[in-house]
2 protein chains.
Amino acid sequence: MTNASYRQFCPVAMAAEILCTRWTVVLLRELVAGSTRFNELRRGVPRMSPALLSKRLRELEEAGIVVHEEREGGAYRLTAAGRDLQPVVEAIGLWGQKWVEADPSLENLDPELLMWDMRRNLDTDPVPAMRTVIEFIYPELPPSQRNWWLIVEPDQSVDLCHIDPGFDVDLYVTVDLRTMTEIWMGLRTVATAISDGALCLVGRTELANTMQSWLGLSPFAQQKKLAT
Amino acid sequence: MTNASYRQFCPVAMAAEILCTRWTVVLLRELVAGSTRFNELRRGVPRMSPALLSKRLRELEEAGIVVHEEREGGAYRLTAAGRDLQPVVEAIGLWGQKWVEADPSLENLDPELLMWDMRRNLDTDPVPAMRTVIEFIYPELPPSQRNWWLIVEPDQSVDLCHIDPGFDVDLYVTVDLRTMTEIWMGLRTVATAISDGALCLVGRTELANTMQSWLGLSPFAQQKKLAT
DNA sequence: CGGGATCCGTAAAGATACTG
DNA sequence: CAGTATCTTTACGGATCCCG
């Protein structure tokens, strides 16, 4: 953004100068969702160049939105002002879910981004209190992106692997990436995908039957699409 | 912004692609506030080039946020999707009021922008039901920007002139532009500005005494500043 | 592997001027 | 009033490389 800025005293313009530069809001979504490390943030915005990510983080620090800790491996943490951006990110996401046509963006699928988001939002409450392994298989993808394992540990922490961790698998989920993304976004349900033959579950019955509940959806999945 | 876009299926990214390009949110503030004509919008974003304004309006039309009416002199009107951006603009403005340091932006004052906003938000309820003329005088400004008249008509409509309309003046407000802008933004009150000697009211007593109430402030003036 | 910096070609924005 | 046209400046994207 030009440093010359909007030169307006209105609070909307003052905030937009900081927030409405390229990639900034998407980056803030990652920070609000809890990512703190440089490479963790990179996973959330894989198409952003590291140079620009570094620059944006410095700008956010200068604006008082994040602090870059010297210790602890250089984590980027939101300040109070940064945490207070959650309603802004939510309002933007809610509007997007409501009004932006999904089809074009569903041509930009990314299994890593999707699995990462699923890992982050997975609800461990309906999952048994023992190690539970769920393997996702996207048959149409190249081998390097085809298989993903979500592992719920007894302590309720969730891990994501894309190489076989070697554990017994409790549930196999075979699905195409677009269908799984649509379910994640709330545009489709597990049940309808199964009855359409787009999703196939093999493994422990109680896990399969409760998938819609433990599968944490996008934070915006509740909002119905209104765009024509 | 680049047509290549963020390439993410997340609603935040989908919305940010449309909303978070340079000037777009500031322009949306004007549209949400009710401006519809090209040159009316220009007054609200005076530092935006007409070429870019035209381009952004086309983009907003393509995104389904405004419609450009062929009749009625080419007004730009918000669609349902556009009106639904009000919470987004409000969230951004609220955050800006709360967390962005005001001082730097108070070096970019603009009397026309301020008077235009005051005209738009003036509360006619406390004003007598007869034509009322209030003259603002900014002594430090060059003659072409020094004098402004707000005229409340008996039908409660409000006009703004910057050439003398010739009516009798009911209240003279002599003030420096920074003080008046601070009052408008809620950073100061009429009473404290008067006692500081920064604001001088001459004219009908009841109008002077009720200035804080009929002077519609910025929609964000209620929110206290928290930035350190 | 985390955390960047550098260089260069392209794409967007700013500043003016001008027109139907 | 409602925009275009043109030229210059700035920002961004992508690749590569560096360092602890």
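Given the structure is predicted, the values throughout are model-derived calculations rather than measurements. So you know, we letter chains A, B, ... as the sequences are listed, proteins then strands, and number each from 1.
Between B/Trp23 and C/dA12 there is no side-chain polar atom (N or O) within less than 4.0 angstrom of OP1 or OP2. Put simply, A/His68 has no side-chain N or O that comes within less than 4.0 Å of OP1 or OP2 on C/dG2. Residue A/Lys55 has no polar side-chain atom (N or O) positioned under 4.0 Å from OP1 or OP2 of D/dA11. For the OP1/OP2 pair of C/dA13 and a distance below 4.0 Å, the side-chain nitrogens and oxygens of B/Arg56 include at least one atom meeting the criterion. Residue A/Arg37 places at least one side-chain N or O under 4.0 Å from the OP1 or OP2 atom of C/dG3. For A/Tyr76 and C/dG2, the shortest distance from a side-chain N or O to OP1 or OP2 is not below 4.0 Å.
Helix bend of the helix from C/dC1-D/dG20 to C/dG20-D/dC1: the angle between its two end axes, each built from five pairs, comes to 40° after rounding to 10°.
The ring pair (Phe, Tyr, Trp, His ring centres under 6.0 Å) check on B/Phe220 picks up nothing, with sequence neighbours excluded. Not counting sequence neighbours, B/Asp168 has no partner by the side-chain contact (heavy atoms from CB on, under 4.5 Å) test. B/Arg58 pairs by the side chain to side chain donor-acceptor pair (under 3.5 Å) definition with B/Ser54, not counting sequence neighbours. Taking A/Thr36 as the reference, A/Glu40, A/Ala75, A/Arg77 meet the side-chain contact (heavy atoms from CB on, under 4.5 Å) condition, with sequence neighbours excluded. Partners of A/Val133 under the side-chain contact (heavy atoms from CB on, under 4.5 Å) rule, at least two apart in sequence or in another chain, are A/Arg131, A/Trp149, A/Ile151, A/Phe167, A/Val169, A/Asp170.
Rounded to whole Å, atom P of D/dG14 lies 12 Å from atom CZ of A/Arg42. C/dA13 atom P lies 14 Å from atom CG of B/Leu57, rounded to whole Å. Here the P atom of nucleotide D/dA2 and the CG atom of B/Leu41 are 9 Å apart, to the nearest Å. Rounded to an integer number of Å, the gap from A/Glu40 CD to C/dC1 C1' is 14 Å. Rounded to whole Å, atom P of C/dT10 lies 18 Å from atom CZ of A/Arg22. The nearest whole Å value for the distance from the CD atom in A/Glu17 to the P atom in C/dG14 is 11 Å. In this structure, CE of A/Met48 is placed 13 Å from C1' of C/dG4, rounded to the nearest angstrom. Atom-to-atom, CG of B/Leu52 to P of C/dA15 comes out at 11 Å; the value is rounded to the nearest Å.
Looking at the side chain of B/Asn39, the nearest of the listed nucleotides D/dA2, C/dG4, C/dG3 is D/dA2.
Taking both residues in full, the closest heavy atoms of A/Ile92 and B/Val12 are given as CG2-O, 4.0 Å, listed atom of the first, atom of the second, then distance.
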Under 3.5 Å between N/O atoms: give me all the protein pairs with nucleotides 4-9 of chain D, atom names plus distance.
unit_1: D/dT4; atom_1: OP1; unit_2: B/Arg58; atom_2: NH1; d: 3.4
unit_1: D/dT4; atom_1: OP2; unit_2: B/Ser54; atom_2: OG; d: 3.0

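Applying the ring pair (Phe, Tyr, Trp, His ring centres under 6.0 Å) test to pairs two or more places apart or on separate chains, none has a residue in residues 43-67 of chain B. Within the structure, the ring pair (Phe, Tyr, Trp, His ring centres under 6.0 Å) test picks out the following pairs touching residues 10-53 of chain B (sequence neighbours left out): A/Tyr6-B/Trp23.
Look at A/Glu30 and A/Arg120 and you find a salt bridge, because one of the NZ, NE, NH1 or NH2 atoms lies within 4.0 Å of a carboxylate O, short of that distance.
Contact annotation: the side chain of B/Gln8 never approaches that of A/Asn108 to less than 4.5 Å [non-hydrogen atoms, C-beta and beyond].
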